[in-house]
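Computed over heavy atoms, backbone and side chain alike; hydrogens, waters and symmetry mates excluded. Residue numbers begin at 1 in each chain, while the letters A, B, ... track the order of the sequences.
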Number of protein chains: 2
Amino acid sequence: MHDRKHWILRIVQEQPVGNQRKLQRELGKHGIRVTQSTLSRDLKELGLVKVAGDGGYRYVLPDEVRGADVLAGKRILKEFVTEIDHAGHLLVVKTEPGNAQPVARALDRMQWPEVVGTVAGDDTLIVVLRHPSQVQPVTEKILQMVGRKKIA
Amino acid sequence: MHDRKHWILRIVQEQPVGNQRKLQRELGKHGIRVTQSTLSRDLKELGLVKVAGDGGYRYVLPDEVRGADVLAGKRILKEFVTEIDHAGHLLVVKTEPGNAQPVARALDRMQWPEVVGTVAGDDTLIVVLRHPSQVQPVTEKILQMVGRKKIA
DNA sequence: CGTTAGAATGCATATTCATGCACGATCGAA
DNA sequence: TTCGATCGTGCATGAATATGCATTCTAACG
């Protein structure tokens, strides 16, 4: 039984597993036969969670959860960003009231190299860039994701 | 609709929500009526995941750890700071998710002369220094307190 | 051995979740 | 304004997941 959990962790890390049935099949390839019921309990015990990403879902370890969905991030930007401005090497992004936080998280998750970090208030967030010269490209990149509605 | 997502994030952080039906009811208390279908989609977009804990399940932000205890300043830094970077005369300090606020307070209390002020978001805070030249020494000072764990 | 308490698992099913489809609202372009 | 494209949503329903209960396995003990 320890074996099984061991395999579960391994399989889940090696390939995207979107549901328990698939996990069940994969385990089968290793000669391990179990029912979905047991897997449900195993996953619960292992603390694995199903996260959205790439359109579909996938089970991951809590640690991996971070980078798991750039796509959802894009949607969030599209959803909440209303305006972009800048000053020096800072980008000032305005959002729908109360949503600066999610947008900041979304940007963080993208892990862009030019971005040093973000700080979010209620409807405004500041994106700190490494150099003023990156203001244009990054703004561009964000606008792209937002859908080029030319905002600001 | 933006309102709804805003509330979802808030509700989910304030109390344990184990399933979408409950979330639906909670939203109802705020005058927001939606179907489970929509919530399923919202949760997907917001990147919330259902994790096991306390016997039951609960929706959480992927990186929720939130443990804002009252620790001594130095201890707080040691506890929550994960990374330090800079740009211009700004220091960008990354912390464990949700703990930028306490860290910022801790730094404020230290009343360092080089520090003009701080602004904290969720997991990032910006420390405004008087001069770019103070970036090195201050970073150094913080690293010292944090325990010199390589960090960024 | 036989007995037994507890853990692990399956089975059947209730519960919860995701999504194809359709329709009304919204936004832009002509 | 009118048309077309897109978006947001509910509805209905199939897919996926969780769980109560019964059964089987395991290990410890007399």
Side-chain angles (χ1 to χ4, degrees), chain A residues 1-9 11-12 16-28 30-60 68-69 71-83 95-96 99 102 143-152, chain B residues 1-9 11-12 16-28 30-60 62:
Chain A
M1 178 264 196
H2 244 255
D3 266 356
R4 193 180 60 244
K5 284 189 179 148
H6 183 242
W7 278 109
I8 290 176
L9 286 172
I11 291 173
V12 154
V17 177
N19 60 49
Q20 301 177 3
R21 187 155 213 60
K22 161 147 190 190
L23 179 55
Q24 187 179 37
R25 282 196 301 273
E26 289 303 321
L27 283 170
H30 292 288
I32 300 175
R33 285 171 56 260
V34 273
T35 57
Q36 171 268 321
S37 316
T38 299
L39 291 183
S40 171
R41 290 185 268 246
D42 282 352
L43 293 176
K44 182 176 186 175
E45 286 168 23
L46 288 171
L48 287 167
V49 297
K50 196 169 73 167
V51 302
D54 283 324
Y57 287 84
R58 167 176 189 171
Y59 280 100
V60 301
D69 61 346
L71 230 176
K74 183 173 178 178
R75 284 204 209 93
I76 289 186
L77 293 204
K78 203 164 195 164
E79 176 90 26
F80 298 132
V81 173
T82 61
E83 196 182 324
T95 72
E96 293 295 337
N99 294 106
L143 284 176
Q144 187 94 19
M145 304 189 99
V146 174
R148 180 59 80 179
K149 284 172 192 167
K150 192 44 221 131
I151 314 186
Chain B
M1 177 254 192
H2 290 158
D3 268 355
R4 191 178 64 243
K5 284 189 177 143
H6 182 222
W7 279 110
I8 290 176
L9 285 170
I11 291 172
V12 153
V17 177
N19 61 49
Q20 302 177 1
R21 193 164 232 14
K22 162 148 190 190
L23 179 54
Q24 188 179 36
R25 282 197 301 273
E26 289 302 322
L27 283 170
H30 293 289
I32 300 174
R33 285 170 57 261
V34 275
T35 57
Q36 172 267 322
S37 316
T38 299
L39 291 183
S40 171
R41 291 186 267 245
D42 283 350
L43 293 177
K44 183 176 186 176
E45 286 169 21
L46 289 171
L48 288 167
V49 299
K50 196 169 76 167
V51 303
D54 283 325
Y57 287 84
R58 167 176 190 171
Y59 281 99
V60 300

Exercise. For residues Val60(A) and Leu48(A), determine if any side-chain heavy atom of one lies less than 4.5 Å from a side-chain heavy atom of the other.
Key: no
Quiz item: Would you say Lys44(A) reaches dT19(D)'s phosphate, i.e. side-chain N/O to OP1/OP2 under 4.0 Å?
Solution: yes
Quiz prompt | Phosphate contact (dT17(D) OP1 or OP2) by Ser40(A) side-chain N/O below 4.0 Å | solution = no
Quiz item: Are Lys5(A) and Leu9(A) side-chain neighbours, meaning at least one heavy-atom pair lies under 4.5 Å?
Solution: no
Practice problem: Mind listing the closest non-hydrogen atom pair of Asn19(B) and Tyr59(B) along with its distance? | Solution: CA-CE1, 3.8 Å
Only pairs under 3.5 Å count here: list side-chain donor-acceptor contacts from residues 33-41 of chain A, not counting sequence neighbours, and write none if there are none.
unit_1: Thr35(A); atom_1: OG1; unit_2: Thr38(A); atom_2: OG1; d: 3.4
unit_1: Gln36(A); atom_1: NE2; unit_2: Gln20(A); atom_2: OE1; d: 2.9

Quiz item: Just how far, in rounded Å, is P of dT17(D) from CG of Leu48(A)?
Solution: 12 Å
Which atom pairs link the protein and nucleotides 13-16 of chain D when you take only N or O atoms and keep those under 3.5 Å?
unit_1: dA16(D); atom_1: OP1; unit_2: Asn19(A); atom_2: ND2; d: 3.3

Self-check item: Distance, rounded to the nearest Å, where Gln24(A) contributes CD and dT9(C) contributes P
Solution: 13 Å
Exercise. Provide, to the nearest angstrom, the distance between the NZ atom belonging to Lys22(A) and the P atom belonging to dA18(C).
Key: 18 Å
Quiz item: Within less than 4.0 Å of OP1 or OP2 of dT9(C), is there a side-chain N or O belonging to Arg4(A)?
Solution: yes
Quiz item: Which pair of non-hydrogen atoms, one from Lys50(B) and one from Gly18(B), has the smallest distance, and what is that distance?
Solution: CD-O, 3.7 Å
Self-check item: Length of the line joining Leu27(B):CG and dT9(D):C1', which is rounded to integer Å
Solution: 15 Å
Quiz item: Could you give the CZ-to-C1' distance, from Arg41(B) to dG8(D), as a whole number of Å?
Solution: 8 Å
Exercise. Let me know the distance between CZ of Arg58(B) and P of dC17(C), rounded to the nearest Å.
Key: 15 Å
Pull out every protein N or O sitting under 3.5 Å from an N or O of nucleotides 23-27 of chain C, one pair per line with the distance.
none

Practice problem: Please determine, for the side chain of Tyr57(B), which listed nucleotide (dC11(D), dT19(D), dG10(C)) has the closest atom? | Solution: dT19(D)
Practice problem: Grab the CG-P distance between Asp42(B) and dG8(D) for me, whole Å please. | Solution: 10 Å
Quiz item: Just how far, in rounded Å, is P of dT9(D) from CD1 of Ile32(B)?
Solution: 11 Å
Self-check item: Thr38(B) or Ser37(A), whichever maps to the more 5' nucleotide of DNA chain D
Solution: Thr38(B)
Exercise. Could you pull out the closest heavy-atom pair between Pro16(A) and Lys22(A), with the gap in Å?
Key: O-NZ, 3.4 Å
Quiz item: Is the closest side-chain heavy-atom distance between Leu23(A) and Asp42(A) below 4.5 Å?
Solution: no
